[in-house]
Amino acid sequence: MPITTDDVIEFLHRAADMLHENKEYLTELDSAIGDADHGINMDRGFQTILKKLPTVEDKDAGTILKTSGMALVSSVGGAGGPLYGTAFMQAGMAVAGKYELTAEDLLAALDAALKGVMMRGKSKPGEKTMIDAIDPAVTAMREALEKGATTLQALEQATIAAEQGMKNTIPMIAMKGRASYLGERSIGHQDPGATSSYLLIRLMTEMAREKQ
Ligand code: ADP
Ligand code: MG
């Protein structure tokens, strides 16, 4: 079953609700190694996306995602907003003009999001950032689809990999962003951005499961 633009819109609404519910949790994680605003940033950014959605509801998936990315960049300061904004804009470019997405399109969008964050953040895996959740998820999804998995099976593998990647940030030393100022004192804490990325990937999987 292809992913429709209605599914993309529903995902954004549910992501906004989910991030609102996790606002304190994400902010608490950021208070340990950052400036205690990641939950506030994500909540504000996604509430701004919701305000923009009525203008793009009948547009292609690329336009919906690009508009969402611009909403994040314009409404959230610091690193997280522009990085997530870039992720959504690049994902949108990967599916420009499409009204229906296959599993391969979704993979292409996630891969473009990953590469966008890496380029904008000058970051790579192992530096205790959101990359550490997204990169293993993209790899797991690609490998699953190559073996003939369904969209749901591939997303389930991506979620397992993202969760492990998120947990793997705990013993890492932060090399990027505010957490890097702490040096070795960043060890022992889970990265907030890796956590929000895991939560977003998990939500995609939950939606795919419901639509079976
Ligand atoms: P800020 O750090 O400006 O307060 P947030 O708190 O919203 O912004 O986001 C922090 C998260 O952003 C970190 O947990 C990390 O995952 C991610 N991050 C920070 N810098 C980078 C970077 N250069 N590359 C990738 N991700 C980064
Ligand atoms: Mg912060």
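We count ligands from 1, going down the list as the structure has it; atoms in each ligand are counted the same way.
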With heavy atoms of [X] as the reference, note each atom of ligand 1 found under 4.0 Å away.
X: Gly121; result: 22 (C), 23 (N), 24 (N)
X: Asp35; result: 4 (O)
X: Asn41; result: 5 (P), 6 (O), 7 (O), 8 (O)
X: Lys176; result: 22 (C), 23 (N)
X: Gly78; result: 3 (O)

[X] N/O under 3.5 Å from ligand 1 N/O:
X: Asp30; value: yes
X: Ala79; value: yes
X: Gly80; value: yes

Judged by atom type as modelled, is there a donor-acceptor pair below 3.5 Å linking the side chain of [X] to the main-chain atoms of [Y]?
X: Asp17; Y: Arg14; value: no
X: Tyr84; Y: Ser197; value: yes
X: Asp132; Y: Gly126; value: yes
X: Thr27; Y: Gly39; value: yes
X: Asp60; Y: Ala96; value: no
X: Lys128; Y: Ser186; value: yes
X: Thr169; Y: Gly165; value: no
X: Asp7; Y: Thr4; value: yes

Original post:
Residues two or more places apart in sequence or in another chain: which of them pass salt bridge (Lys or Arg N to Asp or Glu O under 4.0 Å) with Glu146?
Top reply: none
Throw together a table of side-chain donor-acceptor distances under 3.5 angstrom for residues 46-54, partners on residues two or more places apart or in other chains.
from, atom 1, to, atom 2, distance (Å)
Thr48, OG1, Arg44, O, 2.8
Thr48, OG1, Ser75, OG, 3.3

Run the side-chain donor-acceptor check on residues 114-123: report pairs under 3.5 Å with partners two or more places apart or on a different chain.
from, atom 1, to, atom 2, distance (Å)
Lys115, NZ, Asp111, OD1, 3.3
Lys115, NZ, Asp111, OD2, 2.7

Original post:
For atom CE of Met18, is the number of surrounding heavy atoms from other residues, nucleotides or ligands below 6.0 Å larger than 12?
Top reply: yes
Original post:
Heavy atom under 4.0 Å from ligand 1: found in Leu83's side chain, backbone, both, or neither?
Top reply: side chain
Subject >> Structural part of Pro192 in contact with ligand 1, heavy atom criterion under 4.0 angstrom >> reply: both
Original post:
How about the Mg ion (ligand 2), which protein N, O or S atoms come within less than 2.8 Å?
Top reply: Asp30 OD2, Asp35 OD1, Asp37 OD1
What protein heavy atom sits nearest [atom], and how far off is it?
atom: atom 25 (C) of ligand 1; result: Ser123 OG, 3.3 Å
atom: atom 17 (C) of ligand 1; result: Met130 CE, 3.8 Å
atom: atom 26 (N) of ligand 1; result: Thr129 CB, 3.3 Å
atom: atom 13 (C) of ligand 1; result: Asp191 OD1, 3.5 Å
atom: atom 5 (P) of ligand 1; result: His38 ND1, 3.4 Å

Original post:
Heavy-atom distance to atom 1 (P) of ligand 1: which of Arg178, Met119, Lys128 wins?
Top reply: Arg178
Subject >> For the student: nearest non-hydrogen atoms of Gln157 and Ala144, plus distance >> reply: CG-CB, 4.2 Å
Subject >> Cationic N near anionic O, under 4.0 Å, Lys167 to Glu163 >> reply: yes
